[in-house]
Visitor: 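Handing you this structure, nothing more for now.
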Amino acid sequence: MDLPSTGSYTYGIAVGHSEATGNLDHEHGAVDAGGNPAIISLHHKVDQLRTLMDITNANARIITFNSRYERGDLRPLQKIVHGHGLALAQVAAQGLNSAVQQGIAAPPSAPAIGTTPPNFKPDTISYEHTDILEMIVFYNEDFGIVPNDDIWTRINKFREFLFGR
């Protein structure tokens, strides 16, 4: 598709003269912002949305797999929440023995969006409190777990997360 030689709008993005409005690369969807901070910011947000859509699609496939094989080994979902869940894990650990509570630690840096836990064990039925707390820290999700939940309730709530429920 040829772009017009004068400025015009395509899908809400100004295209045409590169110095004034930026160029749209239709094949790759890249925008040359020509130094315009608003377009640079918009382009960054669009990239973030594309990444989140890709992760959501991948997670939908994983949820489908996990739902078909509820009794077997499960696959981890990709992370979609920024940051780590240390504070959430500390709340969930209330009432557990002090060794478990003291063993909770934040990672050196927050796990990246789209990654899976490096310490994920597919046999989630064998998880212990520390395993569940590590998943809370990684995903920055509490899975609906409250301090008084026993281990089986925690495992079931985590598994429900992996089933997308």
Side-chain angles (χ1 to χ4, degrees), residues 1 9-15 22-34 36-93 103-147 149 151-165:
M1 170 188 258
Y9 289 90
T10 303
Y11 301 106
I13 299 174
V15 297
N23 287 328
L24 177 65
D25 177 343
H26 285 282
E27 183 178 350
H28 299 100
V31 173
D32 173 10
N36 185 327
I39 292 177
I40 292 169
S41 175
L42 179 62
H43 182 61
H44 181 67
K45 289 177 184 178
V46 168
D47 285 345
Q48 288 176 328
L49 287 173
R50 281 187 186 139
T51 299
L52 188 56
M53 286 176 23
D54 291 344
I55 294 167
T56 301
N57 288 334
N59 280 346
R61 289 188 298 276
I62 294 165
I63 287 168
T64 299
F65 174 88
N66 287 345
S67 296
R68 288 184 186 154
Y69 303 101
E70 285 189 33
R71 297 187 188 270
D73 289 348
L74 301 179
R75 293 180 181 170
L77 298 178
Q78 293 181 14
K79 180 178 175 64
I80 60 170
V81 179
H82 289 279
H84 61 73
L86 179 61
L88 297 173
Q90 290 169 332
V91 170
I104 304 168
S109 62
I113 299 298
T115 60
T116 57
N119 52 350
F120 181 85
K121 296 184 283 189
D123 180 15
T124 56
I125 296 296
S126 68
Y127 273 37
E128 297 179 15
H129 288 291
T130 54
D131 299 315
I132 299 291
L133 295 172
E134 287 175 4
M135 294 300 107
I136 291 172
V137 170
F138 178 85
Y139 282 111
N140 197 13
E141 301 258 3
D142 65 12
F143 316 120
I145 292 171
V146 295
D149 284 347
I151 188 59
W152 294 111
T153 302
R154 290 169 184 248
I155 288 171
N156 285 330
K157 287 180 177 181
F158 178 60
R159 287 172 58 86
E160 290 295 308
F161 167 77
L162 296 174
F163 298 141
R165 298 180 193 148

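Basis for what follows: all heavy atoms, side chains included, without hydrogens, waters or symmetry-related copies.
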Visitor: Which pairs count as side-chain hydrogen bond (donor to acceptor under 3.5 Å, both in side chains) when at least one residue sits in residues 52-62, sequence neighbours excluded?
Guide: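 For residues 52-62, and leaving out neighbouring residues, there are no side-chain hydrogen bond (donor to acceptor under 3.5 Å, both in side chains) pairs at all.
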
Visitor: Atom CD1 of I136 and atom NE2 of H129: how far apart are they, to the nearest 0.5 Å?
Guide: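 Those atoms lie 11.0 Å apart.
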
Visitor: Please report the shortest heavy-atom distance between V137 and A105, naming the atom on each side.
Guide: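 Reported closest heavy-atom pair: CG1-O, 3.9 Å.
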
Visitor: How many angstroms lie between CD1 in I125 and CG in D73, if you round to the nearest 0.5 Å?
Guide: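 If we round to the nearest 0.5 Å, I125:CD1 and D73:CG are 10.5 Å apart.
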
Visitor: Taking F138 as the fixed residue, which of T115, V81, L133, N119 is the one that meets the side chain to side chain contact (heavy atoms under 4.5 Å, CB included) rule?
Guide: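 Between F138 and the candidates, side chain to side chain contact (heavy atoms under 4.5 Å, CB included) is satisfied uniquely by T115.
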
Visitor: Give the C-alpha distance, both sets of side-chain angles, the deciding distance and a yes or no for side-chain contact (heavy atoms from CB on, under 4.5 Å) between D47 and R50.
Guide: CA-CA 5 Å; D47 285 345; R50 281 187 186 139; 3.7 Å; yes

Visitor: So which heavy atom on V146 is nearest to which on R154, and how close?
Guide: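 Between these two residues, the closest heavy atoms are O-NH2, 3.5 Å.
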
Visitor: Taking side chain as C-beta onward, heavy atoms only, is Q48 less than 4.5 Å from L52?
Guide: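 They are not in side-chain contact.
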
Visitor: Which atom pairs, donor and acceptor, lie under 3.5 Å between side-chain atoms of residues 157-165 and protein residues at least two apart or in another chain?
Guide:
{"from": "K157", "atom 1": "NZ", "to": "G144", "atom 2": "O", "distance (Å)": "2.8"}
{"from": "K157", "atom 1": "NZ", "to": "D149", "atom 2": "OD2", "distance (Å)": "2.8"}
{"from": "R159", "atom 1": "NH1", "to": "T124", "atom 2": "OG1", "distance (Å)": "2.6"}
{"from": "R159", "atom 1": "NH2", "to": "E70", "atom 2": "O", "distance (Å)": "2.3"}
{"from": "E160", "atom 1": "OE2", "to": "R165", "atom 2": "NH1", "distance (Å)": "3.2"}
{"from": "R165", "atom 1": "NH2", "to": "E70", "atom 2": "OE2", "distance (Å)": "2.6"}

Visitor: Can you tell me how far apart CE (M135) and OG1 (T130) are? Round to the nearest 0.5 Å.
Guide: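 With rounding to 0.5 Å, CE (M135) is 9.5 Å from OG1 (T130).
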
Visitor: At their closest point, which heavy atom of G85 faces which heavy atom of N140, and how far apart are they?
Guide: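 In terms of heavy atoms, the two residues are closest at CA-OD1, 3.2 Å.
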
Visitor: Given L77 and Y139, is the side-chain contact (heavy atoms from CB on, under 4.5 Å) satisfied, shown in steps?
Guide: CA-CA 9 Å; L77 298 178; Y139 282 111; 4.1 Å; yes

Visitor: Using modelled atom types only, decide if a donor and an acceptor are shared between the side chain of S41 and the backbone of P37 within a distance under 3.5 Å.
Guide: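 Not at all, since once roles are kept as given, no pair shorter than 3.5 Å links the two residues.
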
Visitor: Measure the spacing between OH of Y127 and CD1 of I132 and express it to the nearest 0.5 Å.
Guide: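 Atom-to-atom, Y127:OH and I132:CD1 are 7.0 Å apart.
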
Visitor: A110: which residues meet the side chain to side chain contact (heavy atoms under 4.5 Å, CB included) condition with it, sequence neighbours left out?
Guide: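 Counting only residues at least two positions away or on another chain, A110 forms no side chain to side chain contact (heavy atoms under 4.5 Å, CB included).
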
Visitor: Name all pairs fulfilling the salt bridge (Lys or Arg N to Asp or Glu O under 4.0 Å) condition that reach into residues 115-143, sequence neighbours left out, sorted by first residue then second.
Guide: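 Output for this query lists K121-D131.
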
Visitor: Does A106 have any side chain to side chain contact (heavy atoms under 4.5 Å, CB included) partners at least two apart in sequence or in another chain, and if so, which?
Guide: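 Expected list: H84, L86.
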
Visitor: Apply side chain to side chain contact (heavy atoms under 4.5 Å, CB included) to T116 and list each qualifying residue two or more places apart in sequence or on a separate chain.
Guide: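 T116: side chain to side chain contact (heavy atoms under 4.5 Å, CB included) contacts with P76, Q78.
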
